[in-house]
Amino acid sequence: MVADDEWPSVLAADPEKGWRAFIDAYTPVLLAQIERAGVVDRDEAMEIYTRVCERLSDQNCAALRRRDPAAGSLRGWLAVVVRRAAVDYIRSQLGRRRIFGAVRELDQFHRRLFELYYWEGRSLGEATEMLRAEVKRDVSLESVLDGLETVDRALSDRHRSELLSLVARSRPPASLDDREASSPIVEPMSESPDPETVLRTREIEERLNRALAALPPEDAAIVSLKYVEGLTRTQIQRLLRLPDLTEHRVRTIVAALRARLSADERRPECPSV
C-alpha cells in the first residue's frame, strides 16, 4: 500500500503505471465521496467520476504530483476535487434540466421562485427583488419565505437529493490549486442592475440579518443554513450535531423569523442627527 506522501514520487517515476496503481487504490474512495456529495443517479455519478479522473490524470498527474502532503490528508484533498467536479457537472446541466412534475403543478410565482433559488442560486434578497420586478407587484421577503416553504413541501427526498442546492449553490469552478476556493463568490443579479434595485436588495438582506440576530443562536443557525446556504434538514441536523430536527421545529423557527421581520418593518426610523 502506497502512503499518502509517497504518491508524488511514485507518479513522477512512472506516470502511467503510477496512475493505474492510484486509480485501483482510490476508485472506491472517489465513488463513495461522489455519493456523499448527494449524487445518487448512477449515470451522473459515473460522469463526475470520469471528470475527476480526467482532472487528476491531466499532464501526467500534475495536480497529484504537486499536492503538498503537509497540507492535509489525501482523502480530504480528493473530497474537494470531487465537490468541484460535481459543481462543474451540475452547472453544465442547468440549461437542460426540467422542473420536477410536483413543482410544475404549482402556480407561476412558485415555479419562478424555484428556478431563482434552486437553479440560479439567488439569495433571498435577490429573489425577492427579481420577483417583484417580474410580477410587477410588491413582493416581500416574508412572501418569499412562505413560497419556499410551499416549494419545499412539494419536493420529495429524491428531488432534494438531486438538487443538493445545486451542489454548494453552483459556485463557479475553481482550480485544483486554488487555496481560496472556500470563499463564496456572489454572482450579480444581472449584468447592470440599477442602483435602486441594488439598494433595495441590500435593505432586504439587512432586514433578514437583523431578524436572524434576534433569534436564539441555534435557531438562527438552522434557518440560515436552510434558506441562506440551501442545506436540507438532514444535512443541517448532521452539521449542527442535533439529536433530532423535525419539520415542525423548522416551521416554528421560520414563523418566529417572520414575526421578527414584521416587527422590524414596523420599527420607526431613527431620526437623523
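Numbering of residues begins at 1 and proceeds along the displayed sequence. Keep in mind the model is a prediction, meaning the values are calculated, not measured.
Other residues, nucleotides and ligands contribute more than 12 heavy atoms inside 6.0 Å of the CD atom of E6. The neighbour count for R251 CZ, taken as heavy atoms of other residues, nucleotides or ligands under 6.0 Å away, is above 12.
Counting only heavy atoms from C-beta outward, the side chains of T246 and V250 never approach each other to under 4.5 Å. With contacts defined as side-chain heavy-atom distances shorter than 4.5 Å, the pair R67/D4 qualifies. Between Y117 and V144, the closest side-chain pair of non-hydrogen atoms is not below 4.5 Å. Looking at heavy atoms from C-beta onward, L199 lies out of side-chain contact with E196 at the 4.5 angstrom threshold. Side-chain contact between L64 and P8 is absent, with no heavy atoms from C-beta onward closer than 4.5 Å. Annotation: side chain of I222 is not in contact with side chain of L215 (no heavy-atom distance under 4.5 Å). Annotation: side chain of L124 is in contact with side chain of L148 (closest heavy-atom distance under 4.5 Å). Under the 4.5 Å side-chain criterion, counting only non-hydrogen atoms from C-beta, M130 is not in contact with T197.
The two residues C53 and I23 make their nearest non-hydrogen contact at SG-CD1, 3.5 Å. Between V151 and F114, the shortest heavy-atom distance links the atoms CG1-CD1, 3.8 Å. Considering all non-hydrogen atoms of both residues, A154 and A102 come closest at O-CB, 3.3 Å. Across A220 and L212, no two heavy atoms sit closer than the pair CB-O, 3.4 Å. Heavy atoms only, all atoms of each residue included: S140 and T128 are closest at C-CG2, 3.9 Å. Of all the heavy atoms in L245 and R233, the pair that sits closest is O-NH1, 2.8 Å.
Rounded to the nearest 0.5 Å, atoms CZ (R75) and CG (L30) are 9.5 Å apart. Note that the SG atom of C61 and the CG atom of L11 stand 4.5 Å from one another [nearest 0.5 Å]. Taking CZ from R137 and CG from L131, the interatomic distance works out to 8.5 Å, rounded to the nearest 0.5 Å. Note that the CZ atom of R20 and the CG atom of D14 stand 7.5 Å from one another [nearest 0.5 Å].
Salt-bridge formation is detected for the pair D219/R249: a Lys NZ or Arg NE/NH1/NH2 atom is positioned less than 4.0 Å from an Asp or Glu carboxylate oxygen. Using a 4.0 Å cut-off between charged nitrogen and carboxylate oxygen, E47 and R51 count as a salt-bridge pair. Under a 4.0 Å N-O distance rule, the pair E115/R111 does not qualify as a salt bridge. Taking 4.0 Å as the cut-off between side-chain N and carboxylate O, R132 and E129 count as a salt-bridged pair. With respect to R42 and E35, no salt bridge is recorded, no charged nitrogen being found less than 4.0 Å from a carboxylate O. A salt bridge is defined here as a Lys NZ or Arg NE, NH1 or NH2 lying under 4.0 Å from an Asp or Glu carboxylate O, and R207 with E203 fails to meet this definition.
Taking the ring pair (Phe, Tyr, Trp, His ring centres under 6.0 Å) definition, one finds that F22 meets it with W7, W19, Y26, sequence neighbours left out. Among residues two or more places apart in sequence or in another chain, the side chain to side chain contact (heavy atoms under 4.5 Å, CB included) test is passed with R258 by E142, L145, D146, V254.
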- Message: Walk me through whether L225 and Q235 qualify under side-chain contact (heavy atoms from CB on, under 4.5 Å).
- Response: CA-CA 9 Å; L225 288 171; Q235 290 171 325; over 6 Å; no
- Message: As a quick check of understanding, evaluate salt bridge (Lys or Arg N to Asp or Glu O under 4.0 Å) for D152 and K226, giving each step before the final call.
- Response: CA-CA 11 Å; D152 189 62; K226 181 174 176 64; 3.5 Å; yes
- Any chance you could lay out the side-chain contact (heavy atoms from CB on, under 4.5 Å) test for E218 and L242, step after step, and finish with the verdict? CA-CA 10 Å; E218 187 173 274; L242 301 173; 3.4 Å; yes
- Item | side-chain contact (heavy atoms from CB on, under 4.5 Å) between Y227 and L257, intermediate numbers included | CA-CA 12 Å; Y227 289 111; L257 177 66; 5.7 Å; no
- Derivation of the side-chain contact (heavy atoms from CB on, under 4.5 Å) call for R65 and N60: CA-CA 9 Å; R65 288 188 285 110; N60 289 327; 3.9 Å; yes
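Of the possible polar contacts, none joining the E205 side chain to the R202 backbone as a donor-acceptor pair under 3.5 Å is found.
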